[in-house]
Amino acid sequence: MPRYNPKEVEPKWHDRWSSANAFETRDKDPKPKYYVLEMFPYPSGRIHIGHVRNYAMGDVIARYKRACGYNVLHPMGWDAFGMPAENAAMQTGAHPAQWTYGNIDIMRGQLKQMGLAFDWSREFATCDPDYYVHQQRLFLQFWDAGLAYRKESLVNWDPVDQTVLANEQVIDGKGWRSGAPVERRNLSQWFLKITDAAEDLLAALDDGRLSGWPDNVRLMQKNWIGKSKGLQMKFRFADGTKAPEGFDAGVEVFTTRPDTLYGASFIAISPDHPLAATMAQSDDKAAQFIAECASAGTSEEAIEKAEKRGYKLPLEIAHPLDDRRLPVYIANFVLIGYGTGAIFGCPAHDQRDLDFARKYDLPVPPVVLPEGAEASSFTIGAEAYTGPGTLFNSDFLDGMAIDEAIAAAIKKIETIGQGEGVTQYRLRDWGVSRQRYWGCPIPAIHCDACGIVPVPEKDLPVKLPDEADFSVPGNPLDRHPTWKHVPCPRCGNDARRETDTFDTFVDSSWYFARFASQPKDRPVDKQTADHWLPVDQYIGGIEHAILHLLYARYFSRAMKHCGYLSVDEPFANLFTQGMVVHETYLDSDDSKPLKERWLLPEDVVRKGDRIVNAQTGKPVIVGAIEKMSKSKKNVVSPEAIAETYGADAARWFMLSDSPPERDVEWTDSGVEGAWKLINRIWDAVSAAPGALKNVDLAKPGANNDDKPLRQITHAAIAGVTDDIEHFRFNKAIARIYEFLNALKKTNSASAAVSDWARAEALSALTRLIAPFTPHLAEECWETLGGEGFVCDAPWPKADPALLAKDEVVLGVQVNGKRRGE
RNA sequence: GCCCCUCUGGCGGAACUGGUAGACGCGCUGGAUUCAAAAUCCAGUUCCUUCGGGAGUGCCGGUUCGAUUCCGGCGGGGGGCACCA
């Protein structure tokens, strides 16, 4: 029997699918819609095995839903703006566009080789002017609607990539791409008002709108948005203290523990607080202290080790509820980015405040008494008391529990007109300006006379200049000789273009809508976009739990606000798949620097128990099993796999064994197992050519001896269906193995099985494997004599009558122990 | 520090709402085929065992007729947030 030959079979079906436009989706179709989307790739050069896993999952869903009678939209495109293209330009001189589109061509070919059922007619790259012109339109609309604004503020500056980063893009105080410690700079930047949507973004996490999302992603977003309720109040300067200019009203403070107001012993403001700057103008020591704080690291360790430090200002604040006078400090542990950038210190019940108070010898009056403690003897030692208890030493709050006291304190402060109960969010507005060339230009013009003027609609798109100088760091748009010089659209005088481009996360915040509908003259056709949205199944990596997934949620709301869409939640169901990991190999020759010692999997060979360098024969150190990365060389190329075993084997293995949400370790024996299965299926099918032609499965044709095989067949159908529906691809695959094993046994053991039942089994098997190994399935379908493409064949249906088991084996338990069989 | 997830053979992992622990795959062992190997096929494979059985799902305890599953505590691994007032 000839072995299955994917090298011939796979291209054959690619051609046939392509010439039949098998996967092109029409908007108007009487069937119910189903939109399945995988996070589109950045065209970095080549497809890696993680992409294969991601797209194989989406493809299973797409092909399965199609077989179930849905009109499936399954598009693909390119998240094509970004730093790597510019870095390549700096290193090799190739223009970012050339580099990017070249990569896209390669990767498109690789994806096609995988046999993924994409509707390629909707493909676009976010760097296409045809795409980003609409992004500029959207931005102008947002601006008009007050959702976008420009302001000077303290931002995260990445000194390596020479650009600003959003808060979400700073990980452990380092740039998410460059890994460089982020500096803080005061710059004028564009922002999108994501904070306006904070409450709704938060509410939707719990009110059922995102019931199709994993709990952990919802939780991460909830923590990121970080809602807390508290009291925002003014602390006025005490008699005898002259309020600095502009601060007549005092210092505004936010607290979640207004119950501890009587425990206040000092006021502390952030080094970045405006009052600190004002005081520093006439106080060199204050200025010096602020400068020291600014230069301190923001890394995890730096913060952990940083000692609480303060600088005492010559100011005094009056306690609002009693006659105490509180000192005012600039303190290094107070953040400008949260609340009001100023706090009242309550050392008895906050560890940081306590550390600070001990250092500067400030009073530590306790106001919350733990249950069982004596008011007369309760004191605070080295640890603040943050637990439950009853208020004391607190006038009208005495005797209340904490919650009760919080409410009472807020009410009191509101009554005396010095503050109000407020809700605070950790979430900051989304800074979208990037000082880079390879991004979507922000359509604004700076005019000395008119201020910041939007680019008129008729002048869109603002296209990137083709020529740019990448030989030195910095923003090539800003130093371009002519590009930024334009007349002001309002007064006609000389003006300057905005030279910042959008954060690339803006590009990926609405691409799913553009896939659904791409009219020439506007971002989307509302009716068509509404038809397709929300995405029914979105699949991607957990690393986007906060970044992309939060931005896209906001963008949908903004687009809805401006009348482009009707949905606020773009992704009805989300699945976050695990990574593909692989062993790392380190050459034992330690004379070379570490980063040159990593070896590719293909450069090592197993010799018995040992692993050695294939070239030198020297032993190799087997390192940790990690996410595949170029730097550690623990990568395998999907092309090489497809070359050896075919795309189907790669797809099958990526989905077998490990649950899809978990990491999967790439092993050569795993792919070989997949290859073995493909041949076993092919053997079973090719032994029965024309099996579907000889019988009519639409009419009953089974005899009494067929029942065992039919029960196995229908159990497989029911099981695989249920497993796919629940994203349990590993189990679906296990069931297909069981089915095949049972089928083979039947073939050899019982000649009594009718052709009809055998055809039924083979037909079901072929259709069940079709979402996983589509080329093999088509080849089988053709061999069996099935009609048309198997990708157009309906999903098999399990007959409930055949699912009931005739016999049940009962375990006998005596006193909870199993006895007998 | 706070929050979340996770822990099952040599390995990846099954076990729906508590009811025969280890499906399926990998690996390994034995056999068939072969001049030989690869490939393929068949059988076995949680551990211990005096072959009667016994033990077993990170550890300790609890609830239950019965716990991988539920509860409490401890430990290992992973993740998110983090001087957030």
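Order of the sequence lines sets the chain letters (A, B, ...), proteins ahead of strands, with each chain counted from 1.
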What's the verdict on ring pair (Phe, Tyr, Trp, His ring centres under 6.0 Å) for A:F191 and A:W430, showing C-alpha distance, side-chain angles and the deciding distance? CA-CA 5 Å; A:F191 289 88; A:W430 175 14; over 10 Å; no
Provide the full list of salt bridge (Lys or Arg N to Asp or Glu O under 4.0 Å) pairs with a residue in residues 250-272 of chain A, sequence neighbours left out, each pair given once. A:R184-A:D272, A:R257-A:D259
Given the C1' atoms of B:C3 and B:A82, what is the spacing between them in whole Å? 11 Å
I want to verify a distance call: between B:C24, B:A82, B:G13, whose nearest atom is closest to the A:R426 side chain? B:A82
A:E543 CD to B:C81 C1', in whole Å, measures 18 Å
What is the nucleic acid contact for A:R680, judged by heavy atoms within less than 4.0 Å: base, sugar-phosphate only, or nothing? sugar-phosphate
With rounding to whole Å, what would you report as the distance between B:G56 and B:G73 at their P atoms? 24 Å
Per the under-4.0 Å heavy-atom filter, residues of residues 722-737 of chain A near RNA chain B come out as A:N730, A:K731, A:A734, A:Y737
Could you tell me how far apart A:L677 (CG) and B:G25 (P) are, to the nearest whole angstrom? 9 Å
Please check: side-chain N/O of A:R236 versus main-chain N/O of A:G250, any donor-acceptor pairing under 3.5 Å? no
Between B:G27 and B:G18, how far apart are the two P atoms, rounded to whole Å? 37 Å
Mark yes or no for whether A:S265, through its side chain, and A:P363, through its backbone, hold a donor-acceptor pair below 3.5 Å. yes
Can you tell me if A:K227 has over 12 outside heavy atoms packed within less than 6.0 Å of its NZ? yes
If you take the centroid of each ring, where Trp contributes its six-membered ring, are A:F653 and A:W666 closer together than 6.0 Å? yes
Under the ring pair (Phe, Tyr, Trp, His ring centres under 6.0 Å) rule, collect the residues that match up with A:H714, sequence neighbours excluded. none
Spacing of A:I402 atom CD1 relative to B:A85 atom C1', expressed in whole Å: 15 Å
Could you check which residues of residues 338-357 of chain A get a heavy atom under 4.0 Å from RNA chain B? Sort them by number, please. A:Y338, A:I343, A:R352
In whole Å, I'd like the distance from the CG atom of A:N741 to the P atom of B:C41. 10 Å
Could you walk me through whether A:Y262 and A:H319 pass the ring pair (Phe, Tyr, Trp, His ring centres under 6.0 Å) check? CA-CA 8 Å; A:Y262 284 95; A:H319 192 285; 5.8 Å; yes
If you find the nucleotide of RNA chain B closest to A:S658 and the one closest to A:E738, which residue's nucleotide is nearer the 5' end? A:S658
So, using ring pair (Phe, Tyr, Trp, His ring centres under 6.0 Å) as the criterion, who are the partners of A:F356 when residues are at least two apart? A:F266, A:Y329, A:F333, A:Y360
Nearest-nucleotide 5' precedence on RNA chain B, A:S669 against A:P659: A:P659
Would A:D722 and A:R728 pass as an ion pair if we require N to O under 4.0 Å? yes
Within 90° of 0 counts as syn, otherwise anti: where does B:G54 fall? anti
Please state how far atom CG in A:N332 lies from atom C1' in B:A85, giving the value in whole angstrom units. 14 Å
What residue among A:V334, A:L275, A:N332 forms side chain to side chain contact (heavy atoms under 4.5 Å, CB included) with A:S270? A:V334
Does B:G25 have OP1 or OP2 sitting under 4.0 Å from an N or O in the side chain of A:K676? no
In whole Å, measure the gap between the P atoms of B:U6 and B:U40 for me. 37 Å
Would you mind listing every salt bridge (Lys or Arg N to Asp or Glu O under 4.0 Å) that reaches into residues 327-350 of chain A, with sequence neighbours excluded? A:D350-A:R352
Taking only residues two or more places apart in sequence, or in another chain, which ones meet A:N730 in a side chain to side chain donor-acceptor pair (under 3.5 Å)? none
Tell me, please, which residues at least two apart from A:H349 pass ring pair (Phe, Tyr, Trp, His ring centres under 6.0 Å). none
Rounded distance (Å) that lies between atom P of B:C81 and atom CG of A:L427: 13 Å
Listed partners of A:F727 passing ring pair (Phe, Tyr, Trp, His ring centres under 6.0 Å), at least two apart: A:F575, A:F729
Can you check the distance between B:G62 and B:A43, where both ends of the measurement are the P atom (answer in whole Å)? 45 Å
Integer-rounded Å distance: B:C81 P and A:Q169 CD: 13 Å
Which is true for A:V334 with a 4.0 Å heavy-atom rule: it touches a base, it touches only sugar-phosphate, or it touches nothing? base
Strand contacts (RNA chain B) in residues 213-227 of chain A, 4.0 angstrom heavy-atom criterion: A:L219, A:M220, A:W224
Could you write out RNA chain B as dot-bracket? Rules: Watson-Crick or G-U wobble, both distances under 3.5 Å, brackets [ ] for crossings, | for pairs with another strand, dot for unpaired. (((((((..(((......[....)))((((((.......))))))(((....)))..(((((..]....))))))))))))....
Nearest of B:C41, B:A14, B:C83 to any side-chain atom of A:L335? B:C83
Anti or syn - B:G52, cut at 90° from 0: syn
Filter on salt bridge (Lys or Arg N to Asp or Glu O under 4.0 Å), then keep only pairs touching residues 647-670 of chain A, sequence neighbours left out; what's left? A:D59-A:R651
Report yes if a side-chain nitrogen or oxygen of A:R662 is closer than 4.0 Å to either non-bridging phosphate oxygen (OP1 or OP2) of B:C5; otherwise report no. no
Without decimals, in angstroms, what is the distance between A:I542 CD1 and B:U6 P? 13 Å
Pick the P atom in B:U20 and in B:U34, then give their distance to the nearest Å. 45 Å
Scan A:T256 against the nucleic acid and name what it touches under 4.0 Å (heavy atoms): base, sugar-phosphate only, or nothing. sugar-phosphate
For B:G25 versus B:G31, give the span between their P atoms, rounded off to a whole number of Å. 22 Å
Using atom P in both nucleotides, what's the gap between B:G22 and B:C71 to the nearest angstrom? 25 Å
